[in-house]
Student: 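Once you've had a glance at the structure underneath, I'll fire off some questions.
Every heavy atom of this structure was used, including side-chain atoms; hydrogens, water molecules and symmetry mates were not. Throughout, numbering of the chain's residues begins at 1 and tracks the sequence. First listed ligand is number 1; within each ligand, the first listed atom is number 1.
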Amino acid sequence: MEVIASAPAKVILFGEHFVVYGEPAMVIAIDKRAYAKAQNRSDKRIYIRSSNLNLAAYFENSNFKVEKGDPKEAKLKFEPVRLAVEKVLEKHGETAGLNIEINSTVPVAAGLGSSAAVVAAVTTAVSTLLNVNISREEVFRITYEAEKIMHGTPSGIDPAIATFGGALLFQMDTGFKPLEVKMDIPLVIGDTGIERSTRVQVDKVRELRERYPQIMESLTWAARQIVMRALEALKDKDLETLGELMNINHALLYGIGVSDESLEWLINAARKAGALGAKLTGAGGGGCMIALARNEKLEEISEAIRRAGGTTFIARKTDEGARIERA
Ligand code: PMV
């Protein structure tokens with residue numbers, strides 16, 4: 001028997017970085033998914049294979065053995081998967097050998113939440129295979145626990161959106177709140193191809209905040225106003241205002257030093273080609289940018305971003321969080 005499950009990637013539309021200081025951030029799940037196939041094994045190994053990363057390894061008792069790829073990378077990438085599998089096995093009440101095959105279409109280390117999507121898909125596939133009844137809240141919690149190994153103190157945005165899908169408003173003290181979005185949000189995602197560390201970017205902003213507390217306070221206040229205004233624009237299905245707000249939000253992110261030349265090239269190219277707005281998404285310093293556009297402009301903007309050196313794909317909001325594809 002085998003089960004295939006999937007979970008979506010995400011983009012932050014508004015509020016990254018300022019969210020660390022208690023402001024709201026708006027995030028949506030996009031129609032780019034990570035897939036996980038789970039199968040029973042006759043032995044007790046947890047065998048994990050990722051075709052995109054070209055890695056294969058297994059955990060057995062306390063041993064970890066790499067069969068394909070760089071051992072350090074395999075350990076780093078597979079440890080959260082193992083933890084999620086173990087949490088499901090705990091609920092199952094007995095050990096079991098499993099084959100886990102990961103197939104993700106989500107770019108890695110680009111701020112699109114690829115690791116959370118993989119873990120949410122694995123958790124869903126394994127629990128279905130073993131007939132372990134788990135709620136969505138539990139999928140979220142397990143994914144969040146697994147993410148902590150990767151990121152230390154993640155905000156929880158990625159596991160939440162990978163599990164529940166749709167659109168969320170996230171705030172540190174109140175957690176996440178589902179947003180009802182009745183409009184299409186056509187986006188071009190441009191990947192600079194430059195991997196970056198969220199932690200380094202967050203530290204950079206913290207230092208700036210220590211040096212210029214009053215200025216940063218004003219910018220943080222402005223970031224909150226942008227999110228509030230964006231909520232209204234979503235209600236009004238006002239794509240143009242959303243685009244303008246993205247431009248203003250990007251100006252703030254540029255101001256706090258988290259953009260870089262590679263992102264600026266792609267953002268400028270997108271705007272010149274007719275985007276309603278464009279900004280970096282996630283931690284910045286490389287990674288991805290997003291451009292909001294009318295449907296008929298998407299291809300042209302994609303092309304412009306590619307000419308400026310990025311790789312692109314067109315994305316739309318998806319309401320579907322972690323789900324079973326085949327059981
Ligand atoms: O690039 P990502 O998805 O890791 O985004 C990080 C978002 C930040 O606001 C910069 C950090 C955070 O923990 O929310």
Student: Is a donor from one side chain sitting under 3.5 angstrom from an acceptor on the other, for Asn247 and Arg271?
Tutor: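 Distance-only check passes for Asn247 and Arg271.
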Student: Which residue in the set Arg224, Glu217, Arg209 passes side-chain contact (heavy atoms from CB on, under 4.5 Å) when paired with Tyr21?
Tutor: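 The option that passes is Arg209.
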Student: Under 4.0 Å from a heavy atom of Glu16: which atoms of ligand 1 are those, numbered in the order shown and with their elements?
Tutor: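 Those of ligand 1 that fall under 4.0 Å from Glu16 are 9 (O).
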Student: Does the ring center of Phe140 lie less than 6.0 Å from the ring center of Phe176?
Tutor: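 Phe140 vs Phe176: aromatic centres under 6.0 Å.
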Student: Going by the atom numbers of ligand 1, which of them fall below 4.0 Å from some non-hydrogen atom of Gly111?
Tutor: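 By the 4.0 Å cutoff, the relevant atoms are 1 (O), 2 (P), 3 (O).
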Student: His17 heavy atoms, cut-off 4.0 Å: which ligand 1 atoms fall inside?
Tutor: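 Those qualifying, in numeric order: 8 (C), 9 (O), 10 (C).
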Student: Would you mind listing which atoms of ligand 1 come within a distance below 4.0 Å of any non-hydrogen atom of Arg196?
Tutor: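 Listed by number with element, the hits are 1 (O), 2 (P), 4 (O).
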Student: So if I count the atoms of ligand 1 from 1 in the order they appear, which ones are less than 4.0 Å from some heavy atom of Lys10?
Tutor: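 Taking each heavy atom of Lys10 in turn, ligand 1 has 3 (O) under 4.0 Å.
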Student: Looking at Val19, which atoms of ligand 1 are within less than 4.0 Å of one of its heavy atoms?
Tutor: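 Result: 9 (O), 14 (O).
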Student: Whether the Asn63 and Arg45 side chains hold a donor-acceptor pair (N or O, under 3.5 Å, no angle test) is what I'd like checked.
Tutor: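 Checked: Asn63/Arg45 side chains show no N/O donor-acceptor pair below 3.5 Å.
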Student: Tell me whether Gln201 reaches ligand 1 (any heavy atom closer than 4.0 angstrom to a ligand atom).
Tutor: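 The answer is no, since Gln201 has no heavy atom less than 4.0 Å from ligand 1.
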Student: When you compare ligand 1 with Ile157, is there at least one nitrogen or oxygen pair between them that comes in under 3.5 angstrom?
Tutor: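 Between Ile157 and ligand 1 (N or O atoms, distance only) the closest approach is not under 3.5 Å.
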Student: Among all residues two or more places apart in sequence or in another chain, which pass the side-chain hydrogen bond (donor to acceptor under 3.5 Å, both in side chains) test with Tyr254?
Tutor: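 For Tyr254, no residue satisfies side-chain hydrogen bond (donor to acceptor under 3.5 Å, both in side chains) once neighbours in sequence are set aside.
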Student: Enumerate the salt bridge (Lys or Arg N to Asp or Glu O under 4.0 Å) contacts for residues 233-245, please, sequence neighbours excluded, ordered by first and then second residue.
Tutor: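 Every pair satisfying salt bridge (Lys or Arg N to Asp or Glu O under 4.0 Å) with a residue in residues 233-245: Glu240-Arg294.
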